[in-house]
Undergrad: 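Structure below; questions to follow.
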Amino acid sequence: MSMIAAFYSGKSILITGATGFMGKVLMEKLFRTSPDLKVIYILVRPKAGQTTQQRVFQILNSKLFEKVKEICPNVHEKIRAIYADLNQNDFAISKEDMQELLSCTNIVFHCAATVRFDDHLRWLDDAIIDEITPKLIGDRPNIYTYTKALGEMVVQQESENLNIAIIRPSIVGATWQEPFPGWVDNLNGPSGLIIAAGKGFLRSIRATPMAVADLIPVDTVVNLTLAVGWYTAVHRPKSTLIYHCTSGNLNPCNWREMGFQVLATFEKVPFERAFRRPNADFTTNTITSQYWNAVSHRAPAIIYDFYLRLTGRKPRMTKVMNRLLKTVSMLEYFVNRSWEWSTYNTEMLMSELSPEDQRVFNFDVRQLNWLEYIENYVLGVKKYLLKEDMAGIPEAKQHLKRLRNIHYLFNTALLLIAWRLLIARSQMARNVWFFIVSFCYKFLSYFRASSTLKV
Ligand SMILES: CCCCCCCCCCCCCCCC(=O)SCCNC(=O)CCNC(=O)[C@H](O)C(C)(C)COP(=O)(O)OP(=O)(O)OC[C@H]1O[C@@H](n2cnc3c(N)ncnc32)[C@H](O)[C@@H]1OP(=O)(O)O
Ligand SMILES: NC(=O)C1=CN([C@@H]2O[C@H](COP(=O)(O)OP(=O)(O)OC[C@H]3O[C@@H](n4cnc5c(N)ncnc54)[C@H](OP(=O)(O)O)[C@@H]3O)[C@@H](O)[C@H]2O)C=CC1
């Protein structure tokens, strides 16, 4: 019997950010392993024209929750969606709901956050904020990392007699094993770049090939989170423990290996209707990177937009490319550095788990096979983000062959034009050209003569 699963049975649990990537996987795992938990309160705000109830309905009807619905058929009765907006005073939670939460909640998992890198700080006048932001964030690469640090500080300062723990995941990726491999539902982190590369938009990135690609599967983060919840409540450590949920020092993989495997998977399962053939060059040099941005990214976008204009359609590729390059530039900080995270607390926790718990709540990233994981990740991006059917693979491969032929044709035409221009302007180029032509002619004549002799 899993002690962790038993711990959550009969409990009332509050999750913030349950509609997000990690929150959904957390909720799914809780229902699957502790189906007799009492209730999960989730703080939800209406979004994109959907009410809070519609959002919950959509989550429960997604593929992610298929297994849960078999194990816990009354799952919808065990979710209590509470209207909330964490940006508002008292989170905009009604008095009755707040009362219920305060009196019934046993455990809180706080996952909500805005994960955009460029959100604005709000408390002051915009002009003042813009001026002081660089000073406030100091060496940090963006407002996101600065506000995460502030969040940790507030939690530690205000915790009083609560048992709390902090989990710091690195770059969270698709599921490794549970409830099935490769599940992902948003464009953050590597997922957006995998799409951009697979569709042939992104062909070069300023990244350090040997830097550690510290990815961590979302189900690993969730398993650690649930184990931490159990340990913190049962063992009540004297101080607030920080758990690094990272792969870098236990099972490192670098960006070069990762890029290579991503490209290898595109060969087997290409994405549909690619703009260009997928390729991923990593360069550390700023000038080379700018060159590739001009030649490999902006120029094809401009040419394609020209073609769209010629055929009476609205140009759009330059806009898409500008957005993509902006996103890539925001992620560059993380792909050009390696960090060493202490996994002392995480390993200590692992040693405290029973063999059964180590199996059910596995967060031992040493068991992760990167090649298999990345292949499943790319497949997951294709299936769950792009919603592409596997039946379309032969057509996608044909399309890539056509793109390759267009590429060869285009390059040959370019070479001929360049050569023609050179010949027109330079005596030396003309001499080289006549030398090559006469050499080829003599070569062919010799072979013709020798084959005639044999006959
Ligand atoms: C073979 C190569 C593999 C190489 C693989 C390298 C992986 C290298 C990963 C490093 C990753 C480090 C991460 C560490 C720490 C966290 O893990 S924190 C969680 C991660 N957070 C993020 O990734 C957020 C990054 N994104 C942003 O901050 C904002 O989207 C940006 C970059 C500022 C863009 O803002 P914006 O111009 O206002 O654009 P926004 O309205 O957000 O979106 C515009 C369009 O772009 C799309 N979009 C948004 N985000 C993305 C995205 N990430 N990608 C693509 N499209 C996107 C939107 O869907 C939208 O499309 P439409 O709806 O218009 O059709
Ligand atoms: N993804 C990653 O690579 C990493 C993530 N993390 C951290 O893990 C946590 C979860 O991230 P992830 O699931 O990827 O992020 P998502 O963007 O997928 O989810 C964020 C969640 O927070 C909710 N939220 C944001 N603002 C508010 C608000 N004002 N009121 C109510 N709810 C709000 C969102 O609700 P809604 O659906 O309504 O927008 C959503 O449920 C975050 O704390 C993040 O910083 C840490 C390291 C890496």
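Read the numbers this way: they start at 1 and go in the same order the structure lists the ligands and their atoms.
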Undergrad: Is there at least one pair of N or O atoms, one from Ala113 and one from ligand 2, spaced under 3.5 Å apart?
TA: yes
Undergrad: Between Lys67 and Glu70 (salt bridge meaning N to carboxylate O under 4.0 Å), is one present in this structure?
TA: no
Undergrad: What do you reckon, are the aromatic ring centroids of Tyr384 and Phe180 less than 6.0 Å apart?
TA: yes
Undergrad: Are Phe334 and Phe117 close enough that their ring centres sit under 6.0 Å apart?
TA: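 Yes, the ring of Phe334 comes within the 6.0 Å limit of the ring of Phe117, centre to centre.
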Undergrad: Flag Arg55 as yes when one of its N or O atoms lies below 3.5 Å from any N or O atom of ligand 2, and as no otherwise.
TA: yes
Undergrad: Do any nitrogen or oxygen atoms of Gly23 lie less than 3.5 angstrom from nitrogen or oxygen atoms of ligand 2?
TA: no
Undergrad: Does only the side chain of Arg168 get under 4.0 Å from ligand 2, or the backbone, or both, or neither? Count heavy atoms.
TA: neither
Undergrad: For Phe91 and ligand 2, answer yes if some heavy atom of the residue is under 4.0 Å from a ligand atom, otherwise no.
TA: no
Undergrad: Could you tell me whether ligand 2 has any atom less than 4.0 Å away from a heavy atom of Ser170?
TA: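 The answer is yes: ligand 2 sits under 4.0 Å from a heavy atom of Ser170.
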Undergrad: Would you call Lys199 and Glu272 a salt bridge, using N to O less than 4.0 angstrom?
TA: no
Undergrad: Could you say whether the N/O atoms of Pro169 and ligand 2 ever approach to under 3.5 Å?
TA: no
Undergrad: Side chain or backbone, does Asn188 bring an N or O within less than 3.5 Å of an N or O on ligand 2?
TA: no
Undergrad: Where the side chain of Lys11 meets the backbone of Phe7, is there a donor-acceptor pair that is under 3.5 Å apart?
TA: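 Yes: the side chain of Lys11 pairs with the backbone of Phe7.
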